[in-house]
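In what follows, a structure is listed as structure tokens, so that the remarks can point back to it.
Chain A is the first sequence line, chain B the second, and so forth, proteins listed ahead of strands; every chain is numbered from 1.
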There are 2 protein chains.
Amino acid sequence: MRADARRNYDRLLTEAGAAFAEKGTEASLEDIARSAGVGVGTLYRHFPTRQDLILAVLRDGFEAMATFARELDVDDPGLALRQWLLAQLRHITTTRGLTAELAVAINNPESPLWGSCEVIFSVGTELLGRAQKAGVVRADLTQADVSSVVQGIAWSCESDPVRQERLLDLFLEGVLL
Amino acid sequence: MRADARRNYDRLLTEAGAAFAEKGTEASLEDIARSAGVGVGTLYRHFPTRQDLILAVLRDGFEAMATFARELDVDDPGLALRQWLLAQLRHITTTRGLTAELAVAINNPESPLWGSCEVIFSVGTELLGRAQKAGVVRADLTQADVSSVVQGIAWSCESDPVRQERLLDLFLEGVLL
DNA sequence: GCATAAGCGGAGGCAGCCTCCGTATATTTA
DNA sequence: TAAATATACGGAGGCTGCCTCCGCTTATGC
């Protein structure tokens with residue numbers, strides 16, 4: 001790879017990382033090219049699709065993550081696992097787009113979307129309350145917890161209902177008394 | 001509201017529902033207007049933003065969901081809750097966009113994105129394995145389960161790290177021995 | 001230094017977003 | 001029922017972002 005190509009590649013990666021973190025993964029590619037000081041043609045030659053660019057940015061972050069993971073305390077595997085998961089949460093969150101508005105709305109009465117989530121929320125609360133009264137669900141669980149977990153599972157296994165069910169069961173086994 | 005306006009509103013809602021289910025929430029609004037047999041101007045008058053349209057479609061579905069929930073077996077609250085959550089998963093999944101490519105990739109060796117997820121996956125497997133060997137995590141848990149749950153939590157509480165942590169702990173309490 | 005392979009960049013065609021306003025139609029009034 | 005009025009319609013047009021294509025530039029090897 002020619003020296004100038006390498007330089008442009010690196011600049012694009014840096015700028016893309018900043019842009020995605022700030023504006024989400026839908027940030028304008030022309031803007032990214034501009035702030036890297038190259039033409040769009042150059043961007044597209046290095047990263048034929050947006051996906052490719054996102055992926056390259058993620059890969060960068062992944063390496064740092066892996067390093068972090070290898071340095072975690074070996075003597076306390078439970079704690080280490082937890083720290084690892086937390087770090088991942090943080091990383092995913094900074095690179096993820098903004099599609100979560102609805103997921104936020106369902107737990108936030110201030111949101112303009114709240115009104116139409118209310119029915120669902122109250123019905124869910126009712127069912128949860130009943131299950132708790134019957135003593136089959138731990139009492140400290142809130143409807144907000146439940147809806148977030150459900151949203152999350154739905155999203156993360158969008159095209160695999162079998163996995164969705166498995167994860168839901170995993171969650172419930174910790175929740176059912 | 002004038003009769004023709006009502007008619008167009010309903011048509012738009014129907015077509016939008018179909019389009020979002022088929023192509024995700026990024027479906028072209030001009031296409032939706034066209035298939036509803038109205039001009040884009042009409043679409044934008046009724047639904048000033050894409051968000052408004054998505055919301056209206058969801059609201060439609062929510063009503064059916066609430067009806068379903070009210071009919072669930074009162075004598076078995078645990079089962080009723082589970083059925084309710086499953087129905088929600090299904091509903092969310094059909095209306096959600098397609099941003100889940102990465103979430104899928106991390107559990108799918110066939111995906112073109114798999115390569116760069118591999119490091120993360122193997123490091124995670126390592127940490128999980130250690131925790132399991134130490135007897136602090138149940139043995140039947142897989143790395144695929146963990147990464148899906150983490151992705152899901154990250155997404156569903158994107159802008160609220162406190163909630164993220166709480167949900168993670170909820171999950172772990174069911175998982176830790 | 002020269003040849004040439006490698007890389008650059010931005011014009012241009014296309015698609016989707018959203019606004020604006022002249023036209024059309026439902027509803028009200030007399 | 002016909003005029004008056006309020007309400008709603010539609011699509012042209014301006015704009016932004018996507019992606020391709022190809023003539024020009026520059027690094028590299030001899």
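Between the P atom of dG10(D) and the CG atom of Leu43(B) lies a distance of 11 Å, rounded to the nearest Å. The distance between atom CG of Leu29(A) and atom C1' of dG10(C), rounded to the nearest whole Å, is 15 Å. At whole-Å resolution of the value, CD1 in Ile32(A) and P in dC18(D) are 8 Å apart. In this structure, the CZ atom of Arg7(A) is 13 Å from the C1' atom of dT25(D), given to the nearest Å. In this structure, CZ of Arg6(B) is placed 11 Å from P of dA8(D), rounded to the nearest angstrom. If you take CD of Gln51(A) and C1' of dC19(D), they are 16 Å apart, rounded to a whole angstrom. For the pair Arg11(A) CZ and dC8(C) P, the interatomic distance rounds to 11 Å; values are reported in whole Å. When rounded to the nearest whole Å, the span between CG of Leu12(A) and C1' of dC8(C) equals 12 Å.
Comparing dG7(C), dC9(D), dT19(C) by their nearest atom to the side chain of Val40(B) picks out dT19(C).
For the pair Val149(A) and Phe171(B), the minimum side-chain heavy-atom distance is 4.5 Å or more.
Looking at Arg34(A) and Asp31(A), a side-chain N of the basic residue comes within less than 4.0 Å of a carboxylate O on the acidic one, giving a salt bridge.
The distance from the CG atom of Leu53(A) to the NE2 atom of His46(A) is 11.0 Å, given to the nearest 0.5 Å.
Neither Leu170(B) nor Val162(B) shares a network with the other; the hydrophobic side chains, linked directly or stepwise wherever heavy atoms of I, L, V, M, F, W or Y lie under 4.5 Å apart, form separate groups for each.
For the OP1/OP2 pair of dA15(C) and a distance below 4.0 Å, the side-chain nitrogens and oxygens of Ser28(B) include no atom meeting the criterion. Regarding contacts with the backbone of dC9(D), a side-chain N or O of His46(B) is found under 4.0 angstrom from either OP1 or OP2.
Across all strands, Asp31(B) comes closer than 4.0 Å to no nucleic acid atom at all (heavy-atom distances). Among the protein residues, Arg45(A) comes within range of the nucleic acid bases, having at least one heavy atom under 4.0 Å from a base atom. Within 4.0 Å (heavy atoms only), Thr42(A) reaches at least one base atom of the nucleic acid.
Where Arg34(A) and Pro48(A) meet DNA chain D, the nucleotide closest to each residue was compared, and Arg34(A) sits on the side nearer the 5' end. Map Asn8(B) and Glu30(B) each onto its nearest nucleotide of DNA chain D; the residue landing nearer the 5' end is Asn8(B). Nearest-nucleotide assignment on DNA chain C puts the 5′-proximal partner with Tyr44(B), out of Tyr44(B) and Asp4(B).
Between Thr25(A) and Phe20(A), the closest heavy-atom pair is CA-CD2, 3.7 Å.
If you check distances only, the side chain of Arg2(A) does reach the base of dT26(D) with a donor-acceptor pair under 3.5 Å.
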